[in-house]
Amino acid sequence: MATLTPTLTLNSTDAFSDTVNFSITDTLTTKAPSQSLSTIVATTTGNENIIVAANDNKQTWVFIRHTGKAADGTTDTTNHCDIEITGDVAAGTLKPGEFCFFPFCGNGASKGVQLQAVSASVTMEYAYWSDNTAQ
């Protein structure tokens, strides 16, 4: 078993009339399967870009970051990339430079996570960690 310590900090003086300033930290116990920080060129066909396979309904924490680069990994891009549940169900969109970290379960082993570029291929980073415990 390994541990992962994610921290989320949000800070703003102008998003609301009150200042937003908080930080939350958790400790996650992880087991296989996991994937260290990797890159993928996300195409406009989601099922070509599966980053978390259907996972037997296990808890999995997923990190995804849009590098802001096109398929060649060096040219800047403004193209967005959708985060999808396998089967082309969009769950969110990342613009260049944006990232997310979220919990995911495989919905009875039938679903995973895939990426789908909106208009042209983009370079994305991702990693995931699982606790190997059925939900």
Side-chain angles (χ1 to χ4, degrees):
M1 266 193 283
T3 59
L4 181 67
T5 307
T7 301
L8 172 68
T9 300
L10 296 177
N11 188 340
S12 175
T13 58
D14 58 1
F16 302 107
S17 59
D18 295 330
T19 297
V20 174
N21 187 8
F22 65 90
S23 183
I24 300 171
T25 299
D26 196 4
T27 300
L28 309 174
T29 301
T30 66
K31 300 177 184 176
S34 64
Q35 174 66 48
S36 64
L37 190 62
S38 303
T39 59
I40 186 172
V41 173
T43 66
T44 56
T45 304
N47 65 5
E48 294 177 354
N49 314 293
I50 296 173
I51 60 171
V52 178
N55 62 8
D56 297 330
N57 215 28
K58 304 291 190 274
Q59 178 72 40
T60 301
W61 297 280
V62 183
F63 167 77
I64 304 169
R65 183 179 79 92
H66 191 311
T67 66
K69 301 298 179 186
D72 65 8
T74 58
T75 305
D76 290 342
T77 184
T78 59
N79 293 322
H80 301 184
C81 187
D82 286 344
I83 301 164
E84 298 179 340
I85 309 305
T86 53
D88 296 325
V89 178
T93 297
L94 292 177
K95 298 175 186 174
E98 293 181 337
F99 66 93
C100 65
F101 181 80
F102 62 95
F104 175 77
C105 74
N107 191 24
S110 62
K111 301 295 177 184
V113 179
Q114 66 188 38
L115 302 175
Q116 183 168 320
V118 174
S119 59
S121 297
V122 296
T123 301
M124 304 291 288
E125 288 182 334
Y126 72 98
Y128 64 86
W129 303 262
S130 301
D131 78 354
N132 206 26
T133 304
Q135 300 301 301

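Values below: every heavy atom of this structure, side chains too, minus hydrogens, waters and symmetry copies.
Of the inter-residue distances, the one linking I64 atom CD1 with F99 atom CZ reads 12.0 Å to the nearest 0.5 angstrom. The line from CD1 of I40 to OG1 of T67 is 12.0 Å long, rounded to the nearest 0.5 Å. One distance of note links CG of L4 with OH of Y128; it measures 14.0 Å at 0.5 Å rounding. Note that OG1 of T29 and CD of Q59 are 11.5 Å apart. Values are rounded to the nearest 0.5 Å.
With sequence neighbours left out, D14 forms a side-chain hydrogen bond (donor to acceptor under 3.5 Å, both in side chains) with S12. Legend: residues meeting salt bridge (Lys or Arg N to Asp or Glu O under 4.0 Å) with D18, ordered by chain and number and at least two apart, are absent. With sequence neighbours excluded, no residue satisfies side-chain hydrogen bond (donor to acceptor under 3.5 Å, both in side chains) with T44. Taking T39 as the reference, nothing meets the side-chain hydrogen bond (donor to acceptor under 3.5 Å, both in side chains) condition, with sequence neighbours excluded. By the side-chain hydrogen bond (donor to acceptor under 3.5 Å, both in side chains) test, T13 is found to be paired with no residue, residues two or more places apart in sequence or in another chain being considered. Legend: residues meeting salt bridge (Lys or Arg N to Asp or Glu O under 4.0 Å) with E98, ordered by chain and number and at least two apart, are absent.
When every heavy atom of M124 is checked against every heavy atom of A42, the shortest pair comes out as CG-CB, 4.0 Å. Scanning both residues, G112 and T86, for their nearest heavy atoms gives N-OG1, 2.8 Å. In terms of heavy-atom proximity, N49 sits nearest to V41 at OD1-O, 3.3 Å. Nearest heavy atoms, G68 versus P96: CA-CB, 3.7 Å. The minimum heavy-atom distance linking A117 with C81 is given by the pair N-SG, 4.0 Å. Counting all heavy atoms, side chain and backbone alike, S119 lies closest to N79 at OG-OD1, 2.8 Å.
Side-chain contact check for L28 versus P6: some heavy-atom pair is nearer than 4.5 Å. Between H80 and V122, every side-chain heavy-atom pair lies at or beyond the 4.5 Å cut-off. In this structure, K69 and D76 have side chains that are in contact, with non-hydrogen atoms separated by less than 4.5 Å. The side-chain heavy atoms of L10 and L8, taken from C-beta on, include a pair separated by under 4.5 Å.
Remark: side-chain polar atoms of D72 are paired, donor with acceptor, to backbone N or O of T74 under 3.5 angstrom.
A continuous path of ILVMFWY side-chain contacts below 4.5 Å connects V52 to L94, so both sit in one hydrophobic cluster. Note on L37 and L115: separate hydrophobic clusters, where clusters join Ile, Leu, Val, Met, Phe, Trp and Tyr whose side-chain heavy atoms are under 4.5 Å apart, directly or indirectly. No single ILVMFWY cluster, assembled from side-chain heavy atoms under 4.5 Å apart, contains both V118 and I85. A continuous path of ILVMFWY side-chain contacts below 4.5 Å connects F63 to W61, so both sit in one hydrophobic cluster. W129 and I51 fall into different hydrophobic clusters, defined by Ile, Leu, Val, Met, Phe, Trp and Tyr side-chain heavy atoms under 4.5 Å apart, directly or through other members.
Taking the six-membered ring where tryptophan is involved, the planes of F102 and F104 are perpendicular, since the angle between them exceeds 60° and thus also 30°.
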request  = Could you walk me through whether H66 and T77 pass the side-chain contact (heavy atoms from CB on, under 4.5 Å) test, one step at a time?
outcome  = CA-CA 10 Å; H66 191 311; T77 184; 3.9 Å; yes

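Residues T19 and N21 bring no donor and acceptor atom of their side chains to less than 3.5 Å of each other. Side-chain contact check for S130 and S34: no donor-acceptor pair (N or O, by modelled atom type) lies under 3.5 Å.
A salt bridge is absent between D131 and K31; no separation between the charged side-chain nitrogens and carboxylate oxygens falls under 4.0 Å.
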